[in-house]
J.: 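I'd like to ask you about the structure that follows.
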Amino acid sequence: MTLYFHIDVNSAYLSWEAVSRLQHGDALDLRLIPSAVGGDPKSRHGIILAKSIPAKKYGITTGETLHEALEKCPHLLVVPPRYGLYMQASEAMHRIFLEVSPYVQRFSIDESFMMIPGSGVDYLRLGEDLKTRIREELGFTVNIGISSNKLLAKMASDFSKPDALHTLFPEEIPQKMWPLPVEDLFMVGRATRPKLKALGIHTIGDLAATPRSYLVHRLKSHGEMIWEFAHGLESSKIRMDQSAWSKGVGNGTTLPRDIDKPRDAFLYLLGLSESVALRLRLGQKLARVIMIRLKSSEFKSYTHQRTLLSPTDETPVIYETLKSLFMEAWRGESLRYLGVRLTGLSEPTPYQYTLFDSPEKESQRALDRQIDALRLRYGKNVIQRGVFLHKRVKPLIGGVGEEDYLMMSSLL
DNA sequence: TCTGGGGTCCTAGGACCC
DNA sequence: TCTGGGGTCCTAGGACCC
């Protein structure tokens, strides 16, 4: 029988912070005290990203505001996130996985699936050895779930934490999975949960006992999917060699303060264009659809998009399109967030010039590439557009920092 | 000191073509 | 003047995940 493992780092960001600090001579282990990784409230990024187990005992939850967390636990130690460090830790763990099996799917920065082919494998031993190896070589703990498909392996890895190994084979479903609250099921989120409650469905077992046709009637294809999940039915394969994104790439940011002038919005859009276009070019893709996302100070979010005649990876084309999209979409209210997303991706070779492309097209692409090379070699701050001088807006906004460079560094 | 950022997939309506 | 159906593409919004 083919086996699937799901490996999940316990309190990932916080564990990695703790390990890094210990390695750099810090005597304090963040995992042993009430602590959290969180953003900066001054720039309106103040939410809890990860918490220690002692912090959890105070009722602190991921996603809540730092303000709320500090009310629950005034002596909570909060440290800022360092995404570059987390990418390194994730990479190191991934390299260990590949020594165990070539069939590894990275599901997120701290979760992976692994397929173990063949029969007669001592999977408990294999799992325990993997846990031990990660703990001894990398200094942090993981949960491992084992089953005959990815869904059940993922459900198993969530059972009890930390540093635990669980199985959830089909015959164990009634005993181990059906008693759990329905919101513990993968793909039952905060919108589906109340709908199910209204139907009298409170546990995963209740969901499994509900007629499939009834759920399809009420919840369409989503209902069908979660009914199958409740029965442990899932058969997707390991998806290998996936980049972090394959359908689209985006960057967005909550603004340090509300803005209500297009001129201010344009500066952020330029910074977002630079980072998203750089990522697109590093991934060697072109995009045909450009989308802007706006969020008002009242948290009302909306999007506007345009499909281009020919796909592009050029920063100026993306930026000019975004300005135009902004002017069409903006409802005149003050804005809290601006985001950019590029989809409709294609391969850039050979570049398809249209009849109307100007000769400057070639030189613009060459310029973009030279700037990319400089940023990769000397860091993202080595070169920036003049409009950002003496401004507080960053010339590259969003996740194009150490993390993406690290992802790409194996190519360079 | 209110509420992050980066993804995927699905649905529904309208345009457009045959 | 009115009446069709199917297929594809585009757009906007919403649900879910980490």
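Each chain gets a letter, A, B and so on, in the order the sequences are listed, and its residues count up from 1. These numbers were taken from a predicted model, which means no experiment stands behind them. These values consider heavy atoms only, across backbone and side chains, with no hydrogens, waters or symmetry-generated copies.
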J.: If a protein heavy atom is under 4.0 Å from the base, mark B; if only from the sugar-phosphate, S; if neither, -; do that for nucleotides 7-12 of chain B going 5' to 3'.
T.: SBSSSS
J.: When you check the gap from the basic side-chain N to the acidic O, do A:Glu333 and A:Lys300 get nearer than 4.0 Å?
T.: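 Looking at A:Glu333 and A:Lys300, the cut-off is not met.
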J.: Taking atom C1' of C:dC16 as reference, at what distance in whole Å does atom CE of A:Met155 sit?
T.: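 Rounded to the whole Å, the gap is 14 Å.
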J.: How many whole angstroms separate atom CG of A:Leu335 from atom P of B:dT3?
T.: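 Going from CG in A:Leu335 over to P in B:dT3 covers 16 Å.
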J.: Reckon A:Tyr337 touches a base, only the sugar-phosphate, or nothing at all at heavy-atom distances under 4.0 Å?
T.: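 Sugar-phosphate: the residue A:Tyr337, judged by heavy atoms under 4.0 Å, touches backbone atoms but no base.
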J.: With rounding to whole Å, what would you report as the distance between B:dC16 and C:dG4 at their C1' atoms?
T.: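 Between the two C1' atoms, the distance is 16 Å.
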J.: Is A:Asp8 salt-bridged to A:Lys154, cutoff N-O under 4.0 Å?
T.: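 No, no charged N to carboxylate O under 4.0 Å.
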J.: To the nearest Å, how far apart are A:Glu68 CD and B:dT3 P?
T.: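 That distance rounds to 10 Å.
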J.: Give me the ring orientation class for A:Phe326 and A:Trp330: parallel if the planes are under 30° apart, tilted from 30 to 60°, perpendicular past 60°.
T.: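 Aromatic pair A:Phe326/A:Trp330 classed parallel.
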J.: Have a look at B:dC2 and give me syn or anti from its glycosidic angle (syn if within 90° of zero).
T.: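 Syn.
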J.: Counting side-chain heavy atoms from C-beta on, which of C:dC16, C:dG13, B:dG4 comes nearest to A:Thr192?
T.: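 Given the options C:dC16, C:dG13, B:dG4, the side chain of A:Thr192 is closest to C:dC16.
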J.: Can you give the dot-bracket line for DNA chain B, using ( ) for pairs inside the strand, [ ] for pairs that cross earlier ones, | for pairs with another strand and . for unpaired bases, where Watson-Crick and G-U count if both distances are under 3.5 Å?
T.: ....||||||||||||||
J.: In plain terms, say whether A:Asp313 and A:Arg369 are close enough for a salt bridge, that is, a side-chain N and a carboxylate O under 4.0 Å apart.
T.: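 Answer for the salt bridge query: yes.
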J.: Is the closest side-chain heavy-atom distance between A:Ser148 and A:Pro170 below 4.5 Å?
T.: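 They are in side-chain contact.
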J.: Rounded to whole Å, how long is the line connecting atom CD of A:Glu71 with atom P of B:dC2?
T.: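 Distance, rounded to whole Å: 13 Å.
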J.: Remember a base hit wins even if backbone is also touched, and classify A:Leu66 as base, sugar-phosphate or nothing at under 4.0 Å, heavy atoms.
T.: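 Result for A:Leu66 = nothing.
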J.: Does the distance from a Lys or Arg side-chain N to an Asp or Glu carboxylate O, for A:Arg21 and A:Glu17, drop under 4.0 Å?
T.: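 Answer for the salt bridge query: yes.
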J.: Of the nucleotides B:dT1, B:dT3, C:dC18, which has the atom closest to the A:His67 side chain?
T.: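 Comparing B:dT1, B:dT3, C:dC18 against the side chain of A:His67, the answer is B:dT1.
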J.: I need the A:His202 NE2 to A:Glu183 CD distance, nearest 0.5 Å.
T.: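 Answer for the NE2-CD pair, A:His202 versus A:Glu183, is 10.5 Å.
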J.: Measure the distance from CD1 on A:Ile47 to C1' on B:dG4 and round it to the nearest whole Å.
T.: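 The answer, rounded to whole Å, is 4 Å.
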J.: How long is the span from the CZ atom in A:Arg306 to the CG atom in A:Leu322, to the nearest 0.5 Å?
T.: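 These two atoms lie 9.5 Å from each other.
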J.: Report which part of the nucleic acid A:Arg293 touches: base, sugar-phosphate, or nothing (heavy-atom distance under 4.0 Å, all strands).
T.: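 The answer is nothing, as A:Arg293 stays clear of every strand by at least 4.0 Å.
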J.: Give a yes/no answer on whether the side chain of A:Lys295 brings an N or O atom under 4.0 Å of OP1 or OP2 in B:dT3.
T.: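 So the side-chain polar atoms of A:Lys295 never come under 4.0 Å of the phosphate oxygens OP1 or OP2 of B:dT3.
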J.: Distance check needed: B:dG4 P versus A:Leu338 CG, whole Å only.
T.: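 Answer to the nearest Å: 14 Å.
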J.: Enter the distance from A:Leu98:CG to A:Arg95:CZ here, rounded to the nearest 0.5 Å.
T.: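 Here the interatomic distance stands at 9.5 Å.
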J.: So does A:Thr254 get a side-chain nitrogen or oxygen closer than 4.0 Å to the phosphate oxygens (OP1/OP2) of B:dG5?
T.: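 Yes, because at least one side-chain N or O of A:Thr254 sits under 4.0 Å from OP1 or OP2 of B:dG5.
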J.: Which part of the nucleic acid, if any, lies within reach of A:Lys300 when heavy atoms closer than 4.0 Å are counted: base, sugar-phosphate only, or nothing?
T.: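 No contact at all - A:Lys300 keeps every heavy atom at 4.0 Å or more from the nucleic acid.
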J.: Measure from the side-chain heavy atoms of A:Thr65 and tell me the nearest of C:dC16, B:dC2, B:dG5.
T.: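 Per side-chain heavy atoms of A:Thr65, the pick is B:dC2.
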J.: Assess whether a salt bridge exists between A:Lys51 and A:Glu64, defined as any Lys/Arg side-chain N lying under 4.0 Å from an Asp/Glu carboxylate O.
T.: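 No, this pair does not count.
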J.: To the nearest angstrom, how far is A:Tyr13 atom OH from B:dG5 atom C1'?
T.: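 About 9 Å, once rounded to whole Å.
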J.: Please state whether the phosphate of B:dG6, meaning OP1 or OP2, lies under 4.0 angstrom from any side-chain nitrogen or oxygen of A:Ser108.
T.: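 Indeed not, no polar side-chain atom of A:Ser108 lies that close.
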J.: Rounded to the Å, how far apart are A:Asp110 CG and C:dC17 P?
T.: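 Result: 15 Å.
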J.: For DNA chain B, whose closest nucleotide is more 5', that of A:His45 or that of A:Leu70?
T.: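 Result: A:Leu70.
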J.: Could you report the tightest heavy-atom contact between A:Ser20 and A:Arg82, atom names first, then the distance?
T.: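 That closest heavy-atom pairing would be OG-NH2, 3.2 Å.
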